[in-house]
Amino acid sequence: MRKSRTFRRIVVLLLLAIIVAAQTAIFIYYWDMYYTEGTGLYDAFFSRGKVVLYFMYGLMFLVFCNVYGAFKLGTLQYSNLFFSQALAILFTNLFIYLQASLLSLKMVNVAPVLGMTFINMLCALIWCALALLVYRWLYPPRKLLLIYSDRDPDNLVKKIETREDKYLIDDRIHCDSPAEELRNAIRRHKAVLLCDIPSGRRNKIIKYCYMHDKRAYVTPKLSDLIILGAGQNTLFDSPLLVTKIKGLKWEQAALKRLLDIIISLILCVPTILITILVAIGDLIWDRGPIFYLQPRITQNGKKFKIIKFRSMKVDSEKQGAQLAKKDDDRITKVGRVLRATHLDELPQVFNILIGQMSVVGPRPERPEIAEEYLADIPEFKFRLKVKAGLTGYAQVYGKYNTTPYDKLKLDLYYIQNYTFWRDLQLLLMTFKILFIKENREGVEQDQKTARVENPKKKEEYDLGEVEPPMDELYKGE
């Protein structure tokens, strides 16, 4: 029964229903105990609409859990899963407290909400542990067949090996192996991992996996990400896909700009307060300028001066532009706190307010570092179809030292699949990455940029590329 997809799916849905019901039940207890009589809420609201309020709490918790990925049992490890649950609980309880205060026309006692939040957290701790145990019983690590090409797959393999609870690379085979040997290897495994192999061979392997009910994990090419955001043309009986040629539609850009103005105005107040604290810290320890202006590039390659809190020593780049390294001795005492919390980026709200940046978008690169990336990856300029952002898809799902090629893939996915809702989700997700250490990792000591060995041979940018022939995988089937 455990191998039944339907059974496993039902169990997972039950696990999700249990946590939503449990957290809602905790809220119902605290609301009945502390926020009904004596607060003015009983006569005004509770006696007629308590069921609606209970439903609203469960719905808000469900929404925030989806935003922070708190239901991703198969994706997140224990600490990350609990942290996502904790953020969902905090935002839900804050929302419900403000709602209770509005209903009673005064700020109600916050102590019961704090007590409820503590119980919510304990419930989440227990649920995360039990849910992961059940999930791993249902879904043991999936054994993968790695199919690779001439490019070294070790970088991807190292990433896969960090999740031994999910994947195990059981065997590997070169995509140029004889077709019969390749087919037999695929049939022996339940899933395959295709690591940057030529598109002609890749397409045949994917079709073969699909035909034989084998799951395929594929590292996407840039053209795949462009097609993901393509529209459909149904004028003919032959389906056509239409790829975007310019960033956002005008109505999307207008709505995005409105969001930028609102968010930047809201952030101006905490930015001014933190500026005062940074000024005091710099006066005590460093006695240098508070802000740091640095040239960056944004939409269509336009240059502008980004505003940041200075986190490094004044002469930190006397040997040229370079990214921050692990355990970088150029970082000041105040700078370490600013970088650890990402608060050094906060003054960029003024760049956003005057229209040089957006709240959400690709990370703005320094012109000289971008030129180095472009020398290896000409498509890196695809990121410039939209304004650079304070946060973004690559910033949330990548790291500071993510390779330029992987960063390009993340940013291109965001651009090609842009929605206003995704911007809001990324904004909320930014609260989560502020406390994840991996997102702040610098490059290695011997690196000036995040460049690695070129993921593609330069001649592959030539549109005249012709792939060598390959035996048909379907032959003999």
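Residues take their numbers from the sequence shown, with the count starting at 1. Computed over heavy atoms, backbone and side chain alike; hydrogens, waters and symmetry mates excluded.
When the shell of 6.0 Å around CD of Glu251 is examined, it contains more than 12 heavy atoms from other residues, nucleotides or ligands. Applying the 6.0 Å contact sphere to CE of Met56 captures no more than 12 heavy atoms from other residues, nucleotides or ligands. The number of heavy atoms from other shown groups lying within 6.0 Å of CZ (Phe291) is above 12. Within 6.0 Å of CZ on Arg422 lie more than 12 heavy atoms contributed by other residues, nucleotides or ligands. Phe420 CZ: more than 12 foreign heavy atoms inside a 6.0 Å radius.
Between the side chain of Arg142 and the main chain of Lys166, no donor-acceptor pair closer than 3.5 Å is present. The main-chain N or O of Pro295 is never found under 3.5 Å from a side-chain atom of Lys303 such that the two would form a donor-acceptor pair. In this structure a side-chain-to-backbone donor-acceptor pair under 3.5 Å is present from Gln416 to Ile226. Of the possible polar contacts, none joining the Asp196 side chain to the Pro153 backbone as a donor-acceptor pair under 3.5 Å is found. With hydrogens and angles disregarded, no donor-acceptor distance shorter than 3.5 Å links the side chain of Asn80 to the backbone of Leu76. Panel note: side chain Gln23, backbone Val20; no donor-acceptor pair is recorded below 3.5 Å. Ser311 places no side-chain N or O within donor-acceptor distance of the main-chain N or O of Asp344, the cut-off being under 3.5 Å. Of the possible polar contacts, none joining the Arg366 side chain to the Glu368 backbone as a donor-acceptor pair under 3.5 Å is found. Using a distance-only test at 3.5 Å, with no hydrogens or angles considered, a donor-acceptor pair links the side chain of Trp127 to the main chain of Leu15.
Atom CZ in Arg296 sits 12.0 Å away from atom CD1 in Ile307 (nearest 0.5 Å). Taking CZ from Arg201 and OG from Ser177, the interatomic distance works out to 10.5 Å, rounded to the nearest 0.5 Å. The CD1 atom of Ile89 sits 14.0 Å away from the CZ atom of Phe27 when rounded to the nearest 0.5 Å.
For Gln85, the side-chain hydrogen bond (donor to acceptor under 3.5 Å, both in side chains) test picks out no residue, with sequence neighbours left out. Checked against ring pair (Phe, Tyr, Trp, His ring centres under 6.0 Å), Tyr413 has the following partners two or more places apart in sequence or in another chain: Tyr393. Arg163 is linked by a salt bridge (charged side-chain N to carboxylate O under 4.0 Å, His left out) to Asp165, counting only residues two or more places apart in sequence or in another chain. Scored by the side-chain hydrogen bond (donor to acceptor under 3.5 Å, both in side chains) test, Asp411 finds Arg383 as partners (sequence neighbours excluded). Tyr78 meets the ring pair (Phe, Tyr, Trp, His ring centres under 6.0 Å) test with no other residue; sequence neighbours excluded. The side-chain hydrogen bond (donor to acceptor under 3.5 Å, both in side chains) search around Glu345 returns Gln348, not counting sequence neighbours. With sequence neighbours excluded, the residues that form a side-chain hydrogen bond (donor to acceptor under 3.5 Å, both in side chains) with Thr117 are Asn93. Remark: Phe380 pairs with Tyr373 by the ring pair (Phe, Tyr, Trp, His ring centres under 6.0 Å) rule, at least two apart or across chains. Checked against ring pair (Phe, Tyr, Trp, His ring centres under 6.0 Å), Tyr148 has the following partners two or more places apart in sequence or in another chain: His174. For Lys159, the salt bridge (charged side-chain N to carboxylate O under 4.0 Å, His left out) partners are Asp406, not counting sequence neighbours.
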Only distances under 3.5 Å count here; give the side-chain donor-acceptor pairs of residues 255-276 to other protein atoms, sequence neighbours excluded, each with its distance to 0.1 Å.
unit_1, atom_1, unit_2, atom_2, d
Lys256, NZ, Val360, O, 2.8
Lys256, NZ, Tyr414, OH, 2.7
Lys256, NZ, Asp423, OD2, 2.8
Arg257, NH1, Ile352, O, 2.7
Arg257, NH2, Leu353, O, 2.8
Asp260, OD1, Ser358, OG, 3.0
Asp260, OD1, Val359, N, 2.9
Asp260, OD2, Ser358, OG, 3.0
Ser264, OG, Asp260, O, 2.7
Ser264, OG, Ile261, O, 3.0
Thr271, OG1, Leu267, O, 2.6
Thr275, OG1, Thr271, O, 2.6

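Within the 4.5 Å cutoff, the side chain of Leu62 has no heavy atoms near those of the Tyr57 side chain.
Ring geometry for Phe91 against Phe64 counts as parallel: the plane angle stays under 30°, on a 0 to 90° scale with 60° as the upper cut.
Asn300 and Lys385 share no donor-acceptor pair across their side chains, judged by distance under 3.5 Å alone. Checked by atom type, the side-chain pair His189/Asp170 shows a donor-acceptor distance below 3.5 Å. Side-chain contact, Lys432 with Ser84: a donor N or O sits under 3.5 Å from an acceptor N or O.
Residues in residues 222-236 take part in these salt bridge (charged side-chain N to carboxylate O under 4.0 Å, His left out) pairs, two or more places apart or across chains: Arg202-Asp224.
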Item checked: Audit row: Tyr217, Leu144, side-chain contact (heavy atoms from CB on, under 4.5 Å) steps and yes/no -> CA-CA 9 Å; Tyr217 297 89; Leu144 303 176; 3.7 Å; yes
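Glu365 has no carboxylate O lying under 4.0 Å from a charged side-chain N of Lys381, or vice versa, which leaves the two without a salt bridge.
For Phe83 and Tyr68, the ring centers are positioned 6.0 Å apart or more.
Leu146 pairs with exactly one of Val192, Val157, Ile160 by the side-chain contact (heavy atoms from CB on, under 4.5 Å) rule, that one being Val157.
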